[in-house]
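These notes are about the structure you will find just below.
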Protein chains: 4
Amino acid sequence: MEFNDSRSIYLQIVDYITTGILCNRYREGERIPSVREMAMDIEVNPNTVTRSYAELQERNIIQNQRGIGYFVSEGAYRRIRDDRVRELLENEVPRLVQTLHLLNLGLDEVIEVMKTRYQETPQ
Amino acid sequence: MEFNDSRSIYLQIVDYITTGILCNRYREGERIPSVREMAMDIEVNPNTVTRSYAELQERNIIQNQRGIGYFVSEGAYRRIRDDRVRELLENEVPRLVQTLHLLNLGLDEVIEVMKTRYQETPQ
Amino acid sequence: MEFNDSRSIYLQIVDYITTGILCNRYREGERIPSVREMAMDIEVNPNTVTRSYAELQERNIIQNQRGIGYFVSEGAYRRIRDDRVRELLENEVPRLVQTLHLLNLGLDEVIEVMKTRYQETPQ
Amino acid sequence: MEFNDSRSIYLQIVDYITTGILCNRYREGERIPSVREMAMDIEVNPNTVTRSYAELQERNIIQNQRGIGYFVSEGAYRRIRDDRVRELLENEVPRLVQTLHLLNLGLDEVIEVMKTRYQETPQ
DNA sequence: GTGGTCTAGACCACC
DNA sequence: GTGGTCTAGACCACA
């Protein structure tokens, strides 16, 4: 896995897992890879993965069963999706619109680009 | 000036100035406030401002005239705008579209929100 | 380490490291001393070393691995050497030749001096 | 006149004048432009020219006749030339030779380049 | 007055 | 342990 330098690795792992839940790579009630497995997979220090899992556990997205592993919580999908939708509508879209004004860009041009990309993108 | 905790102050100052150039608070060829003035204005240590100005100089947005101060470079407006437009079209829009797919959101709903906000926003 | 008063320390550190790469004291892919270690070694404030490392990173000569340290980039040797050769041929030699004309010095006399020194110099 | 950012302007003016003496633009015993004239010519603050002239006076290259102007001292040409020759042989050439070793460059290649340039250069 | 550099010391996030 | 950032305060060269 490739990491972006500008964000901390443990947060990128958090995103990787929540995104995995959104696209059904990990399903509610199922086990996710152990800290060690994950660390090997993505070539990262196990401490870092531990931190990500702690963060996810705190947000009630995964749960630890001692001695067995981490499992995706019930309702995790819904919570993640709601969070992201809120983030999108309350922060990202407003920021985008403000940028358009600043750059003297018309809304229509950008919408056109979005439409094109929206259809192109397979996944 | 209020700073956002999640980004470093010196980068927020960089943005403050580039945005200032975009909206004509600072014009090409004109002098921007001295390091000390700016530091007083926004209540920050002069070293921090120095760092921001160094960054801006490296990006050829401002230029130093020894013993006199910093001046907005010719073509700065254009360069800043081009950079931001490119960032928007190459990174932000694609990321947004991908998020829509991930969240199973239709394009139309988001466009509606954007239109509403676009008209509301004063400047 | 002894520093020359006429150039800033952080740039002398930059040179110390690039020269170190040229003469294989630091090798590509290997870790260089941490900011604190280097600061202790050469008896300089860590902030100053930080600044040098930032400069080197920007020039893609070293790379940071978060929480671990700085490593010499692949291709660093080549880039440094190419830069210095270009500097030599495009700037230093022409300046030298122009000085010779200005001083009414013959080329041969200088070449003689260079040859003598070239053989004397051990490394 | 164009100035190099990396050196202080007043020193570049000093060089401009000493070089002018070497190539007979200014001759011993003759008057050089007044501080004001020079400042106008090269578009620089008069204070800066004053500083350059002070430096030159200290090195006994020009002399002030109060109310009249600055004159090139007797023997100035010789002193400047001697200084530059010494600088060349004691510092520049050794530094150049050391660079060659560091870059694994043969002496012959560089000499070839120098010869070519030496003949080409008209002045 | 201007910016440039350096030190000392602190705090923080991260691995 | 690692680097990144910020502050405070100082000194310097320069215009």
Side-chain angles (χ1 to χ4, degrees), chain A residues 3 5-14 39 43-52 54-55, chain B residues 3 5-13 31-39 42-57 62-71, chain C residues 3 5-13 31-39 42-57 62-71, chain D residues 3 5-14 35 39 42-52 54-55:
Chain A
F3 294 103
D5 261 22
S6 64
R7 284 183 72 217
S8 55
I9 293 179
Y10 89 96
L11 284 179
Q12 295 182 59
I13 297 173
V14 165
E43 292 175 313
V44 147
N45 189 306
N47 287 333
T48 308
V49 176
T50 299
R51 181 155 186 188
S52 305
E55 173 86 12
Chain B
F3 294 105
D5 262 20
S6 65
R7 286 182 71 219
S8 49
I9 294 179
Y10 86 94
L11 285 179
Q12 294 182 57
I13 298 173
R31 186 172 174 276
I32 63 174
S34 77
V35 170
R36 289 157 169 74
E37 283 167 3
M38 179 63 81
I42 61 182
E43 293 175 308
V44 146
N45 188 292
N47 283 332
T48 306
V49 176
T50 296
R51 186 165 182 184
S52 306
Y53 282 16
E55 175 85 16
L56 286 163
Q57 184 166 31
I62 60 176
Q63 285 172 305
N64 181 260
Q65 286 190 236
R66 305 177 67 133
I68 304 178
Y70 281 95
F71 295 76
Chain C
F3 294 105
D5 262 18
S6 66
R7 286 182 71 219
S8 50
I9 295 180
Y10 87 95
L11 285 179
Q12 294 181 58
I13 298 172
R31 187 172 173 274
I32 64 174
S34 77
V35 170
R36 289 159 170 74
E37 284 166 3
M38 180 64 80
I42 61 183
E43 292 174 310
V44 147
N45 188 291
N47 283 333
T48 306
V49 176
T50 295
R51 185 164 184 184
S52 307
Y53 282 17
E55 174 85 17
L56 286 163
Q57 184 167 30
I62 60 177
Q63 284 172 303
N64 180 260
Q65 287 191 236
R66 306 176 64 134
I68 305 179
Y70 281 95
F71 294 75
Chain D
F3 294 102
D5 261 20
S6 63
R7 285 182 72 216
S8 55
I9 294 179
Y10 90 95
L11 284 179
Q12 294 181 59
I13 298 173
V14 166
V35 169
I42 60 182
E43 292 175 311
V44 147
N45 189 307
N47 287 333
T48 309
V49 176
T50 300
R51 180 156 186 188
S52 306
E55 172 86 15

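Here is how names work: the chains are called A, B, and so on, in the same order as the sequence lines, proteins then strands, and each is numbered from 1. Just so you know, these numbers come straight off a predicted model, no measurement behind them.
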The residue, C:Gly67 or B:Gly67, whose nearest nucleotide of DNA chain E is more 5′ is B:Gly67

Upstream residue (5' side of DNA chain E) when B:Ile32 and C:Ile68 are each assigned their closest nucleotide
B:Ile32

Would you mind reading off the distance between [X] atom [atom1] and [N] atom [atom2], rounded to a whole angstrom?
{"X": "A:Gln12", "N": "E:dC15", "atom1": "CD", "atom2": "C1'", "result": "14 Å"}
{"X": "A:Glu55", "N": "E:dC15", "atom1": "CD", "atom2": "C1'", "result": "16 Å"}
{"X": "C:Tyr53", "N": "F:dG4", "atom1": "OH", "atom2": "P", "result": "11 Å"}
{"X": "B:Arg7", "N": "F:dC6", "atom1": "CZ", "atom2": "P", "result": "11 Å"}
{"X": "A:Asn45", "N": "F:dG1", "atom1": "CG", "atom2": "P", "result": "16 Å"}
{"X": "C:Asn47", "N": "E:dA10", "atom1": "CG", "atom2": "C1'", "result": "10 Å"}
{"X": "C:Phe3", "N": "E:dG4", "atom1": "CZ", "atom2": "C1'", "result": "17 Å"}
{"X": "C:Arg66", "N": "F:dT2", "atom1": "CZ", "atom2": "P", "result": "16 Å"}

Taking the side chain from [X] and the backbone from [Y], do they hold a donor-acceptor pair closer than 3.5 Å?
{"X": "A:Gln12", "Y": "A:Arg7", "result": "yes"}
{"X": "D:Thr48", "Y": "D:Val44", "result": "no"}
{"X": "C:Ser52", "Y": "C:Tyr10", "result": "yes"}
{"X": "A:Arg51", "Y": "A:Ile9", "result": "no"}

Nearest nucleotide by nearest heavy atom, which residue falls closer to the 5' end of DNA chain F, C:Val35 or D:Arg51?
C:Val35

The answer to which of C:Pro33 and B:Ile9 contacts DNA chain F further toward the 5' end, by nearest nucleotide, is C:Pro33

Can you find a donor-acceptor pair, distance only, under 3.5 Å between B:Arg36 side chain and E:dG1 base?
no

Could you check whether A:Tyr10 gets within reach of a base, just the sugar-phosphate, or nothing at all, counting any heavy atom under 4.0 Å?
sugar-phosphate

Heavy atoms under 4.0 Å, any strand shown: does B:Arg31 hit a base, just sugar-phosphate, or nothing?
sugar-phosphate

Any side-chain N or O of D:Ser8 below 4.0 angstrom from OP1/OP2 of F:dC14?
yes

Would you tell me if any nitrogen or oxygen in the side chain of C:Thr48 comes within less than 4.0 Å of OP1 or OP2 on E:dT7?
yes

Listed nucleotide nearest any side-chain atom of B:Thr50, set E:dG3, E:dT5, F:dA8
E:dT5

Enter the distance from D:Phe3:CZ to B:Arg66:CZ here, rounded to the nearest 0.5 Å.
10.5 Å

Complement of E:dA8, any strand, by Watson-Crick or G-U distances under 3.5 angstrom:
F:dT7

By the Watson-Crick or G-U definition, both distances under 3.5 Å, E:dC14 is matched with F:dG1

